[in-house]
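Here the structure is laid out as structure tokens; the discussion comes afterwards.
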Amino acid sequence: MSYVTQVPAATPDVARDHFQRRLSVETDCSDVAAALRSGEQDFVLCHVVGTPEAYQRRHVPGALHLPHREISTERMAQWPASTLFVVYCAGPHCNGADQAAFKLASLGRPVKIMIGGITGWQDEDLPFASGKEPGALGA
């Protein structure tokens with residue numbers, strides 16, 4: 001028996017439910033890029049960490065700079081209650097996306113984390129935007 005099989009695998013039903021729950025709160029860089037490229041962006045993408053200067057140096061195209069510390073009922077009132085927010089931070093070493101997701105969910109807002117954040121975006125060799133504006137990801 002290996003370390004892999006020492007704990008028996010979950011039943012398919014348990015595994016399906018587990019992964020469905022994960023996918024309900026996570027997305028990845030590739031899926032976000034595909035949505036941006038296709039023009040089917042049905043979510044608000046938020047860069048939730050760093051200073052305005054760091055955001056201006058590089059961010060995921062289409063992302064708004066909304067630091068998690070600025071998320072509040074008043075700040076979020078500009079979007080309909082059903083708006084899905086996709087949040088990302090610097091990468092696996094950062095918990096800014098978790099903090100933003102917690103705040104948004106606590107405010108009753110639908111939210112997913114883009115796993116990998118900036119590090120994941122870079123690892124997938126996807127282009128960044130720079131400047132004060134969100135920019136756009138080309139087709």
Side-chain angles (χ1 to χ4, degrees):
M1 178 177 293
S2 71
Y3 289 120
V4 173
T5 59
Q6 188 174 17
V7 174
T11 64
D13 287 345
V14 169
R16 183 197 65 230
D17 292 347
H18 168 78
F19 290 111
Q20 182 177 21
R21 278 193 301 276
R22 278 187 60 179
L23 291 169
S24 72
V25 295
E26 295 178 352
T27 187
D28 66 14
C29 299
S30 178
D31 288 346
V32 169
L36 296 174
R37 284 189 171 122
S38 71
E40 296 177 2
Q41 184 178 347
D42 50 1
F43 53 87
V44 173
L45 183 61
C46 298
H47 180 112
V48 297
V49 293
T51 63
E53 294 78 20
Y55 171 82
Q56 289 176 36
R57 277 194 300 276
R58 76 174 185 172
H59 57 268
V60 172
L64 302 174
H65 188 220
L66 181 60
H68 62 82
R69 289 176 178 82
E70 296 178 13
I71 293 173
S72 66
T73 300
E74 296 76 21
R75 182 74 168 90
M76 305 315 292
Q78 66 184 290
W79 291 283
S82 62
T83 301
L84 171 63
F85 293 90
V86 173
V87 299
Y88 70 89
C89 59
H93 59 286
C94 179
N95 72 0
D98 293 301
Q99 293 187 46
F102 177 78
K103 284 179 111 174
L104 287 164
S106 296
L107 294 173
R109 296 305 193 124
V111 62
K112 290 189 174 192
I113 289 177
M114 183 180 81
I115 55 175
I118 291 175
T119 301
W121 195 264
Q122 182 174 338
D123 287 351
E124 295 203 26
D125 204 25
L126 293 164
F128 285 96
S130 60
K132 292 181 179 179
E133 300 302 320
L137 184 62

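- Under the 4.5 Å side-chain heavy-atom criterion for grouping Ile, Leu, Val, Met, Phe, Trp and Tyr, W79 is connected to V87 within one hydrophobic cluster.
- More than 12 heavy atoms of other shown residues, nucleotides or ligands fall within 6.0 angstrom of atom CD in E124.
- Tracing side-chain contacts under 4.5 Å through hydrophobic residues (I, L, V, M, F, W, Y), one reaches V49 starting from V111; they form part of the same cluster.
- Considering every non-hydrogen atom in both Y55 and P134, the closest pair reads OH-CA, 3.4 Å.
- Taking hydrophobic clusters as Ile, Leu, Val, Met, Phe, Trp and Tyr residues chained together by side-chain heavy-atom distances below 4.5 Å, V86 does not share a cluster with V48.
- Under the 4.5 Å side-chain heavy-atom criterion for Ile, Leu, Val, Met, Phe, Trp and Tyr, V44 and V32 are members of distinct hydrophobic clusters.
- Taking CG of D98 as the reference point, atom NE2 of H68 lies at 10.0 Å (rounded to 0.5 Å).
- Residues L66 and L84 are members of separate hydrophobic clusters, defined by side-chain heavy-atom contacts under 4.5 angstrom among Ile, Leu, Val, Met, Phe, Trp and Tyr.
- Within 6.0 Å of the CD atom in Q78, the count of heavy atoms belonging to other residues, nucleotides or ligands exceeds 12.
- Rounding to the nearest 0.5 Å places CD of E70 at 11.0 Å from CE of M76.
- The two residues S72 and L107 have their closest heavy-atom pair at C-CD1, 3.7 Å.
- Nearest approach of A136 to P61, heavy atoms of both residues: C-CB, 3.5 Å.
- For R69, the CZ atom sits in a loose shell: 12 or fewer heavy atoms of surrounding residues, nucleotides or ligands are nearer than 6.0 Å.
- Note that CG of L126 is 12.5 Å distant from CD1 of I118, once rounded to the nearest 0.5 Å.
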Inset, instruction - May I have the step-by-step check of side chain to side chain contact (heavy atoms under 4.5 Å, CB included) for R109 and I71, ending in yes or no? - result: CA-CA 11 Å; R109 296 305 193 124; I71 293 173; over 6 Å; no
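- Across all non-hydrogen atoms, the minimal contact from P110 to S82 is CG-O, 3.8 Å.
- Taking CZ from R22 and CD1 from I113, the interatomic distance works out to 11.5 Å, rounded to the nearest 0.5 Å.
- Atom NE2 of residue H47 and atom CG of residue L64 lie 11.0 Å apart, to the nearest 0.5 angstrom.
- Here the closest heavy-atom approach between residue P92 and residue G116 is recorded as CD-O, 3.9 Å.
- Checked against the 6.0 Å centroid criterion, the rings of W121 and Y88 do not qualify as a close aromatic pair.
- A heavy-atom distance below 4.5 Å is not found between the side chains of V14 and D17.
- Proximity of a side-chain donor or acceptor of T5 to a complementary backbone N or O of M1 within less than 3.5 Å is not detected.
- Remark: the backbone N or O of Q56 is not paired with any side-chain donor or acceptor of H65 at under 3.5 angstrom.
- Here the options are P67, C46, C94, the test is side chain to side chain contact (heavy atoms under 4.5 Å, CB included), and the partner is C89; only C94 passes.
- F128 pairs in a side chain to side chain contact (heavy atoms under 4.5 Å, CB included) with only one of the listed residues (H59, Q122, R57), which is Q122.
- Remark: side-chain polar atoms of K112 are paired, donor with acceptor, to backbone N or O of L23 under 3.5 angstrom.
- Nearest heavy-atom pair, P127 versus L137, reported as atom, atom and distance to 0.1 Å: CG-CD1, 3.2 Å.
- Side chains of L45 and L36 form a contact here, defined as non-hydrogen atoms less than 4.5 Å apart.
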